[in-house]
2 protein chains.
Amino acid sequence: AIIEAAQGVLTPQRLAGRRILITAGPTREAVDPVRFISNRSSGRMGFAIAAAAQRMGAQVTLVHGPCGIPPPRGVLPVAVESAEQMLAAVQVAWPQSDAAIMSAAVSDYRPLQVAPQKLKKEAQGGQQIQWSLTENPDILAYAGANKQPGQWLVGFAAETEKLLQHGTEKRRRKGCDLLVVNDVSRQDIGFDATHNEVMVLGPGEDAVESWARCRKDEIAQQLMERLAACMETA
Amino acid sequence: AIIEAAQGVLTPQRLAGRRILITAGPTREAVDPVRFISNRSSGRMGFAIAAAAQRMGAQVTLVHGPCGIPPPRGVLPVAVESAEQMLAAVQVAWPQSDAAIMSAAVSDYRPLQVAPQKLKKEAQGGQQIQWSLTENPDILAYAGANKQPGQWLVGFAAETEKLLQHGTEKRRRKGCDLLVVNDVSRQDIGFDATHNEVMVLGPGEDAVESWARCRKDEIAQQLMERLAACMETA
């Protein structure tokens with residue numbers, strides 16, 4: 001706590017007065033009261049971003065799925081489970097924010113129906129079964145489509161191949177100013193790792209930066225400095 | 001650590017020399033490198049059982065899915081992800097064990113095919129999709145079917161309705177000596193909670209005990225005392 005307080009004092013307050021929305025972690029989509037669909041996001045990258053923004057003086061709202069790690073001090077944590085719950089929280093917070101960093105790994109699909117009781121193996125019907133899934137709301141696209149002048153939107157892309165191509169397409173399609181791309185096929189970085197190695201695309205059409213592999217808190221700090229610089233020039 | 005050591009000294013070594021296999025936590029069934037199917041098991045009940053058995057002098061092998069909590073000291077932890085990996089570990093450990101307590105919440109089904117690359121939303125084909133799933137191996141039934149004379153098998157049932165009926169059927173079907181039934185529809189006990197309230201069925205055909213709500217470590221201790229008593233009379 002003393003170290004955190006010292007870091008706060010020593011960090012230039014480049015984001016003082018800025019209201020920043022951050023989404024983090026996975027979502028969980030219930031199949032029944034027991035089973036769910038989810039993904040390997042640990043929430044560490046988003047929590048590190050929230051801590052960095054808070055240290056730089058921002059008022060941070062952190063909307064997060066189930067992560068199992070405590071939210072950083074000094075941020076407003078909003079705990080959700082499903083993509084629909086996350087969207088509802090974002091719909092409240094985004095219009096009041098100067099910037100959003102959407103690092104959550106939102107499940108693309110959820111079960112079409114949620115069983116009210118635990119599905120018995122015997123009742124599911126044999127060796128092979130089918131689950132019907134329906135598309136979840138696209139929270140990043142919602143934020144992009146509802147971006148007001150002066151608001152900054154930062155998206156994340158977790159890719160396993162064709163990183164630059166997929167990232168460039170995603171940045172355009174979702175209406176992000178910046179897009180952070182990471183390679184989740186590598187074991188040493190990304191999901192559930194302490195380190196990351198990312199490409200940052202934008203805000204210009206052809207702007208691409210490759211950042212060297214480093215700790216997630218260092219990436220977070222660099223990213224918030226990058227965002228602060230964008231916001232200062234606007 | 002001092003308290004743990006003192007508890008070890010103060011706990012009668014009723015399980016001294018016994019080799020006990022414990023399974024705990026959820027399994028994760030990969031859909032692709034990022035997505036998975038899992039369930040709400042926290043592993044807390046199984047980890048508490050492992051700690052209790054170890055305190056009572058047993059040699060404990062703890063086969064566990066992704067839990068996010070550290071295994072208790074003095075046990076042999078075997079970390080797995082999928083049901084197939086858990087079965088492989090159990091097939092090695094069970095023949096060498098005097099008793100097994102199978103508290104893991106094993107996924108009944110896994111995706112029929114695991115995609116080698118992250119499935120792109122666009123490539124999955126629209127608003128509604130189907131996932132084809134195939135039945136997982138039944139680890140508890142494997143242990144029941146391969147039980148040797150003198151081995152004791154304790155199963156768990158997580159139910160949301162008709163607890164006694166479902167539990168009685170499951171105990172018989174899986175070949176368990178004891179079956180611990182808990183009601184996972186209640187928020188205050190079971191999955192991810194610190195407390196639990198269970199029914200214990202067996203070893204006699206009509207034997208049913210209802211245990212009062214208490215902390216998971218107390219349930220674990222009681223259950224290991226119950227098992228030790230069974231093993232002593234055999």
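Chain identifiers are assigned alphabetically (A, B, ...) following the order of the sequence lines, protein sequences preceding nucleic acid strands; residue numbering begins at 1 within each chain.
- Contacts with chain B (heavy atom to heavy atom, under 4.5 Å) involve these residues of residues 133-141 of chain A, listed by number: A:L133, A:T134, A:E135, A:N136, A:D138.
- For the atom pair CD of A:Q130 and OH of B:Y109, the computed distance is 12.0 Å after rounding to the nearest 0.5 Å.
- Contact residues of residues 158-169 of chain A toward chain B are A:A158, A:E159, A:T160, A:E161, A:H166 (heavy-atom distance under 4.5 Å).
- Using a 4.5 Å cut-off between heavy atoms, B:S132 contacts chain A through both its backbone and its side chain.
- Residues A:I37 and B:W131 form a side-chain contact, since some pair of their non-hydrogen atoms from C-beta on lies under 4.5 Å apart.
- Annotation: B:Q91, atom CD; neighbour count of heavy atoms from other residues, nucleotides and ligands within 6.0 Å is above 12.
- At most 12 non-hydrogen atoms from other residues, nucleotides or ligands lie less than 6.0 angstrom from CD of B:Q113.
- For the options A:G68, A:S38, A:S107, A:P33, heavy-atom pairs under 4.5 Å to chain B are most numerous at A:S38.
- Within the 4.5 Å cutoff, the side chain of A:R40 has no heavy atoms near those of the B:R35 side chain.
- Here the CG atom belonging to B:N39 is positioned 6.5 Å from the CZ atom belonging to A:F36, to the nearest 0.5 angstrom.
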